[in-house]
Amino acid sequence: QNKRFSGEPNVPCCTMKSRTRSGVDRPILVEGRKALPTRGKQIIESSYQWLEDKKNVDSAAVGIPAGLWAVRGKLYDLNSFVERHPGGSEWLTLTQGSDITDFYEIHHLDEAKTDAILAKYYVRDCDRPSIVRFTYEENGFYKTLKRRVFDHVTKNKIGGARAGNFTLKPTPEMYRVSAFALFCFFVCFSALCSAKSTWLAVLVAVLAGECLHALMGVGHNFFHQRDSLWMYCFDFTLFSSHQWRISHALSHHTYSNLELDFEVASFEPYLYIYSNKPRNGPIAYFSYIFFLSVASTIEWFRHWITVLVARKEKARPENAIPLIQLFLLIAFQGAYFGTILFFVMHMTSSWLLTATSFVVHRHENVWTEGDENHQMDFGKHVLVTTSDHSFGLPLLPSLFGFALLNYHCIHHLFPTIDHSHLHSLENIFQETCKEFGVPLKREKFSEVFVSVLRRHDLFTTK
């Protein structure tokens with residue numbers, strides 16, 4: 001079990017217990033972190049259902065009218081502000097009718113400015129106290145680090161940011177490596193369309209999948225930020241940047257390794273991760289190799305079924321990108337072989353993304369629901385559920401090797417800061433961790449990869 005952090009025993013836990021994978025009974029849920037109603041009850045988990053469930057839970061607990069937003073126990077009417085929201089209207093339209101306290105705290109560094117804007121739209125206090133999923137004490141670890149990061153960024157005008165106008169732009173290097181990744185994909189895809197040899201075409205499809213993996217890193221970096229065309233690099237895959245803003249930015253980034261983490265729920269019961277879940281049987285070998293490869297394909301089919309059959313979702317312009325890829329491959333390589341190449345390319349990118357994301361959240365030394373010593377301070381929670389590896393890699397190898405996921409802790413703490421600026425925050429990060437007695441552990445990729453296999457019962461050592 002993870003013993004890197006001391007617990008916070010003064011926080012009340014639920015009385016419900018579950019048999020952990022180590023065979024020990026212990027409380028598994030902090031009040032407020034319970035699983036949402038439909039978790040584990042869908043054949044394929046839907047990010048939209050997660051969002052709807054959270055709204056219903058928040059509304060029932062706090063009393064939030066459908067057209068308002070709750071922040072820190074107060075209700076706000078942001079309808080007239082939605083289109084002027086600097087990060088884009090989508091973030092507010094997605095979360096209308098819910099308690100957005102956690103999202104608000106994590107995604108806004110310039111608190112003085114955002115608090116002043118928010119105050120203009122105050123309606124009244126909530127009927128009941130907000131659900132406490134994390135704490136944000138002014139002198140706690142996360143808020144202290146957040147203030148120091150803001151002061152450092154504005155003082156040094158990193159990314160052009162300054163007090164009163166906190167617009168932190170990516171570095172020119174980030175734009176260059178992003179453009180290079182896009183260029184590499186177009187080259188590989190063109191070669192794929194024109195390949196004459198069967199085995200050469202399959203090889204190029206794998207290389208194109210690697211380029212898509214890099215484009216996922218580009219899109220992931222940018223969809224956390226204000227709207228831009230770069231975030232649609234993510235939509236070159238079978239995943240959707242719009243849906244990942246829900247499943248990843250709102251759910252996973254905020255509630256990592258809790259029952260509220262959509263990305264974990266979406267793998268169950270095919271692959272169990274948490275300490276309070278059953279051990280994985282032999283099917284885990286199949287799941288880890290095959291299910292991770294088809295994760296994006298499953299999501300792609302689920303999306304179009306709900307669009308065309310159930311009519312519960314709407315098609316978006318960027319959803320056409322994979323369809324264009326499929327059409328071109330069929331046109332140049334024939335219906336049968338073109339379709340095979342299409343899925344080889346996307347299965348490659350799907351496995352690479354899921355495998356590289358597992359090593360920063362799913363190995364033995366990270367905390368999951370069911371372990372002891374839960375953390376209520378958001379920053380401390382991030383650092384027990386997230387780790388770095390291959391630290392110090394330049395942007396280009398980090399992008400193509402790990403989709404920028406190897407330097408992950410600071411990214412999880414401040415997701416709206418462009419990845420190209422994260423290393424400039426390293427000294428402040430380490431100093432604050434040392435001041436608060438928060439251990440910081442960097443791993444080797446080979447170590448965490450084997451550790452992931454052990455956590456999933458795929459590999460054991462004595």
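Predicted model only: the values in this text are computed from it and were never measured. For the numbers below, each heavy atom of this structure counts, side chains included, while hydrogens, waters and symmetry mates do not.
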Which of parallel (below 30°), tilted (30 to 60°) and perpendicular (above 60°) describes Tyr255 and Trp50?
tilted
Side-chain donor-acceptor pair under 3.5 Å between Tyr122 and Asp77, yes or no?
no
Okay, side chain of Asp151, backbone of Arg148: is any donor-acceptor separation there less than 3.5 Å?
no
Check the angle between the aromatic planes of Tyr175 and Trp230 and answer parallel, tilted or perpendicular using the 30° and 60° thresholds.
tilted
Specify the closest pair of heavy atoms between Tyr136 and Asp102, including all atoms of both residues, with the distance to one decimal.
OH-OD1, 2.7 Å
Side chains of Ser247 and Ser47: donor-acceptor distance under 3.5 Å anywhere?
no
Donor + acceptor pair across side chains of Thr416, Gln225 (<3.5 Å):
no
Flag for Glu318-His242: side-chain donor and acceptor within less than 3.5 Å
no
Please report the shortest heavy-atom distance between Asp58 and Asp99, naming the atom on each side.
OD2-N, 3.0 Å
Main-chain N/O of Met174 paired with Thr171 side-chain donor or acceptor, under 3.5 Å:
yes
Could you check whether Asp53 and Gln49, counting side-chain N and O atoms only, form a donor-acceptor pair closer than 3.5 Å?
yes
Heavy-atom donor-acceptor pair, Asn156 side chain to Ile158 backbone, under 3.5 Å
no
Is it the case that the side chains of Ser387 and His363 hold a donor-acceptor pair, with the cut-off being a distance below 3.5 Å and no angle test?
yes
Does either side chain, that of Thr114 or that of Tyr104, offer a donor lying less than 3.5 Å from an acceptor on the other one?
yes
Could you measure the distance from the CG atom of Leu413 to the SG atom of Cys409? Nearest 0.5 Å is fine.
7.0 Å
Return the minimal non-hydrogen interatomic distance between Met216 and Leu353, and the atom names on each side.
SD-CD2, 3.2 Å
Can a donor-acceptor pair be found between the side chains of His412 and His381 at a distance below 3.5 Å?
no
Trp367 side chain to Val382 main-chain N or O, any donor-acceptor pair under 3.5 Å?
no
So does Phe391 have more than 12 non-hydrogen atoms from other groups sitting under 6.0 Å from CZ?
yes
Has Arg245 got its NZ or CZ under 6.0 Å from the middle of the six-membered ring of Phe223, at an angle within 45 degrees of the ring axis?
no
Donor-acceptor pair, distance only, cut-off 3.5 Å: does the side chain of Ser251 make one with the backbone of His248?
no
For the pair Ser349 (side chain) and Gly209 (backbone), establish whether a donor and an acceptor sit closer than 3.5 Å, ignoring hydrogens and angles.
no
For Glu364 and Ser451 the tightest heavy-atom approach is N-OG, 2.9 Å
For the rings on His224 and His107, is their centre-to-centre separation under 6.0 Å?
no
Using the ring of each side chain (for Trp, its six-membered ring), is Phe436 parallel, tilted or perpendicular to Phe141, with breaks at 30° and 60°?
perpendicular
Pair Asn257-His361, side-chain donor/acceptor within less than 3.5 Å:
no
Give me the atom names and distance for the closest heavy-atom approach of Asp371 to Val366.
OD2-O, 3.8 Å
Using the rule given for ring pair (Phe, Tyr, Trp, His ring centres under 6.0 Å), can you reason through Phe134 versus Phe378, listing the C-alpha separation, both sets of side-chain angles and the distance that settles it, and then say yes or no?
CA-CA 6 Å; Phe134 294 108; Phe378 174 75; 5.2 Å; yes
If only atom types and distance count, is the side chain of Asn221 paired as donor or acceptor with the main-chain N or O of His419 below 3.5 Å?
yes
Provide the closest heavy-atom pair for Cys233 versus Leu215 in the form atom of the first, atom of the second, distance.
CB-O, 3.6 Å
For the rings on His411 and His220, is their centre-to-centre separation under 6.0 Å?
yes
For a side chain to side chain contact (heavy atoms under 4.5 Å, CB included) check, start with the C-alpha distance between Lys146 and Phe150, then their side-chain angles and the critical distance, and finish with the verdict.
CA-CA 6 Å; Lys146 185 178 175 180; Phe150 175 76; 5.9 Å; no
Looking at Thr386 and Leu383, would you say the former's side chain and the latter's main chain have a donor-acceptor pair under 3.5 Å?
no
Donor-acceptor pair, side chain of Arg442 and main chain of Asp388, under 3.5 angstrom
no
Just checking, any donor-acceptor pair under 3.5 angstrom between side chains of Ser398 and Asn406?
yes
How about His252 and Phe262: are their ring centroids closer than 6.0 Å?
no
Taking Ser240's backbone N and O only, do any of them form a donor-acceptor pair with Asp235's side chain (distance below 3.5 Å, no angle check)?
no
